[in-house]
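Working notes, structure below.
On a predicted model such as this, the values are computed, not experimentally measured, just so you know.
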Amino acid sequence: FLNKAKDLKPGDVEINKQLAYVSYLRRDYAGSIEVSKQLVEKNNADEQAYQVLGLAYKAIAEYNEGEKMYRVALKTYPKSGMLYSELGDLLSLKKDDKAAIKEWEKGIEIAPSYSGNYYHAAKYYNENNQPLWSWLYGETFINLESLSDRTIEIKTVLLNDFKSMLAPAALDKDAKSNNAFAKAVSEVLKTVVSGSNEISVGNLTILRKNFIERWYAGSKAQAFPFRLFSHQQLLIKQNMFEAYNQWIFGAALDTDAFKDWLTGHEEAIKTFQDFERNAYFKVPAGQYYNKE
């Protein structure tokens, strides 16, 4: 059907883009690349056309060609969070994680409400023993993209982040950081984790509530406005913070205990779910702080 449509309208961007993607799904990577390159070379490709071409390059491990293509694409679409995310993913497949995280960070800076860069960055920092940044990016991600399989994956990452941050001296490095925001967050967090090493949803809820209250009690909230923290503050004010923390940590920590909690808190979880479905979580420009 798509081939016939292409014959009738050979220059139609949408038809060619769909044909390239269907070819990719059928593992006809050569065919997908051929169609996608025609779009790119005629300078009428949108971001998705570049993405499909990149997927095909990644599938056949043509990482150098893919990287060159993405860098050209970013000259056309310099504010595309998706292209930064895809380029970072390709560099990671190329085993160049240090280059990959630079692209994901740039994507977070220039397109702060695009979820993909937070997803990759959270995993990167978790794997590289930087739980504070993994937490900040991971929890931002699950609020931007709350219903995907990736959300379930990152909830486990977040649980591991807090297990790491509750270990003795875990935050000392961040407290001495040259990064003013990381230093401020770790200083406040250190005041609420002392002696709180038992991991339970209840303890995490109390710890995290205390953190938000202390963050907003001082001058740090004014110095570093941060969408994730203002979201948590709102949930506390609306008595949904317990349900929110159960949503994040409950199943990741203990599936049976989470089911028991749900049984006794039907109204609380319904109120939170309604809020979550209708809330518009968007990260404003200018709240990017991961700079040395």
**Request:** Would you name the heavy atoms of Tyr84 and Pro78 that are closest together and state the gap between them?
**Result:** CE1-O, 3.6 Å
**Asked** Do the non-hydrogen side-chain atoms of Asn160 and Trp135 ever get within less than 4.5 Å of each other?
**Response** no
**Asked** Any donor and acceptor pair, going by atom type alone, linking the side chain of Ser80 with main-chain N or O of Tyr77 inside 3.5 Å?
**Response** no
**Asked** Are more than 12 heavy atoms from other residues, nucleotides or ligands located less than 6.0 Å from atom CZ of Arg27?
**Response** no
**Asked** Going through the distances and angles, do Leu207 and Leu166 end up as a side chain to side chain contact (heavy atoms under 4.5 Å, CB included)?
**Response** CA-CA 10 Å; Leu207 181 152; Leu166 290 177; 3.4 Å; yes
**Fill in**
Rounded to the nearest 0.5 Å, the CG atom of Leu55 sits from the CD1 atom of Ile60 at a distance of 12.0 Å
**Prompt:** Would you call Ser200 and Asn203 a side-chain contact if the rule is heavy atoms closer than 4.5 Å?
**Reply:** yes
**Prompt:** Are Lys37 and Glu65 close enough, and set up right, to give a salt bridge (charged side-chain N to carboxylate O under 4.0 Å, His left out), and what steps lead you there?
**Reply:** CA-CA 11 Å; Lys37 285 182 74 174; Glu65 285 299 312; 5.6 Å; no
**Asked** Nearest 0.5 Å, what's the OG-CG distance between Ser134 and Asn126?
**Response** 4.0 Å
**Message:** Are more than 12 heavy atoms, taken from residues, nucleotides or ligands other than Phe241, located less than 6.0 Å from that residue's CZ atom?
**Reply:** yes
**Asked** When rounded to the nearest 0.5 angstrom, what distance separates CD in Gln51 from CD in Glu47?
**Response** 9.0 Å
**Considering all heavy atoms, the nearest Ser23-Gly31 contact** = CB-C, 4.3 Å
**Prompt:** CD/Glu62 to CG/Leu53 distance, rounded to the nearest 0.5 angstrom?
**Reply:** 11.0 Å
**Asked** Are the side chains of Thr76 and Tyr50 in touch, meaning some heavy atoms are under 4.5 Å apart?
**Response** yes
**Request:** Assess whether side chain to side chain contact (heavy atoms under 4.5 Å, CB included) is satisfied between Tyr289 and Leu136, documenting all intermediate values.
**Result:** CA-CA 11 Å; Tyr289 301 120; Leu136 296 173; over 6 Å; no
**Fill in**
Residues passing the ring pair (Phe, Tyr, Trp, His ring centres under 6.0 Å) test with Phe141, sequence neighbours excluded, are Tyr119
**Message:** With no hydrogens and no angle check, just 3.5 Å: does a side-chain donor-acceptor pair link Gln233 and Glu213?
**Reply:** no
**Request:** Look only at the side chain of Ser113 and the backbone of Lys282, and say whether a donor-acceptor pair between them is shorter than 3.5 Å.
**Result:** no
**Request:** Indicate, with yes or no, if the rings of Phe229 and Phe211 have centres closer together than 6.0 Å.
**Result:** yes
**Item:** Arg71 with Glu67: basic N within carboxylate O range, under 4.0 Å
**Value:** yes
**Message:** A quick test of your reading: do over 12 heavy atoms of other residues, nucleotides or ligands sit less than 6.0 Å from NZ of Lys94?
**Reply:** yes
**Request:** Would you sort out whether Lys123 and Glu153 count as a salt bridge (charged side-chain N to carboxylate O under 4.0 Å, His left out), showing the intermediate values?
**Result:** CA-CA 10 Å; Lys123 291 180 62 177; Glu153 178 187 1; 3.0 Å; yes
**Message:** Taking side chain to side chain donor-acceptor pair (under 3.5 Å) as the criterion, tell me which of Glu109, Glu105, Lys106 meets it with Tyr288.
**Reply:** Glu105
**Prompt:** For Gln222, does the CD atom sit with more than 12 other heavy atoms under 6.0 Å from it, leaving out its own atoms?
**Reply:** no
**Request:** Look at the side-chain heavy atoms of Ile, Leu, Val, Met, Phe, Trp and Tyr, link any pair under 4.5 Å apart, and say whether Leu74 and Val72 land in one connected group.
**Result:** no
**Prompt:** Is Ile206 linked to Val185 within one hydrophobic cluster, defined over Ile, Leu, Val, Met, Phe, Trp and Tyr using a side-chain heavy-atom separation of less than 4.5 Å?
**Reply:** no
**Message:** Minimum heavy-atom separation for Asp174 and Leu132, please, with both atom names.
**Reply:** OD2-CB, 3.6 Å
**Asked** Do Lys176 and Asp172 meet the salt-bridge criterion of a basic N to acidic O distance under 4.0 Å?
**Response** no
**Between Arg227 and Thr140: side-chain donor-acceptor atoms closer than 3.5 Å** = no
**Message:** With heavy-atom distances below 4.5 Å as the criterion, would you say the side chains of Tyr137 and Val157 are in contact?
**Reply:** no
**Asked** Closest approach of Ala252 and Lys155, non-hydrogen atoms and distance?
**Response** CB-O, 4.1 Å
**Prompt:** Does one hydrophobic cluster hold both Trp261 and Leu159, with members joined at side-chain heavy-atom distances below 4.5 Å?
**Reply:** yes
**Message:** Is the shortest side-chain heavy-atom distance between Leu189 and Trp215 below 4.5 Å?
**Reply:** no
**Close side-chain approach of Trp133 to Phe181, heavy-atom, < 4.5 Å** = yes
**Message:** Is a donor from one side chain sitting under 3.5 angstrom from an acceptor on the other, for Tyr118 and Asn143?
**Reply:** no
**Fill in**
Sorted by chain and number, sequence neighbours left out, ring pair (Phe, Tyr, Trp, His ring centres under 6.0 Å) with Tyr63 holds for none
**Asked** Tell me, do Arg208 and Phe162 make a side-chain contact under 4.5 Å, heavy atoms counted?
**Response** yes
**Message:** Checking Asp89 now: which residues fulfil side chain to side chain contact (heavy atoms under 4.5 Å, CB included) with it, not counting sequence neighbours?
**Reply:** Lys58, Leu93, His120
**Asked** Does the side chain of His265 reach to within under 4.5 Å of the side chain of Glu242, using non-hydrogen atoms?
**Response** yes
**Asked** Applying the 4.5 Å side-chain criterion to the ILVMFWY set and letting contacts propagate, would Phe249 and Ile199 be lumped into a single cluster?
**Response** yes
**Message:** For the OG atom of Ser85 and the OH atom of Tyr114, what is their distance to the nearest 0.5 Å?
**Reply:** 4.5 Å
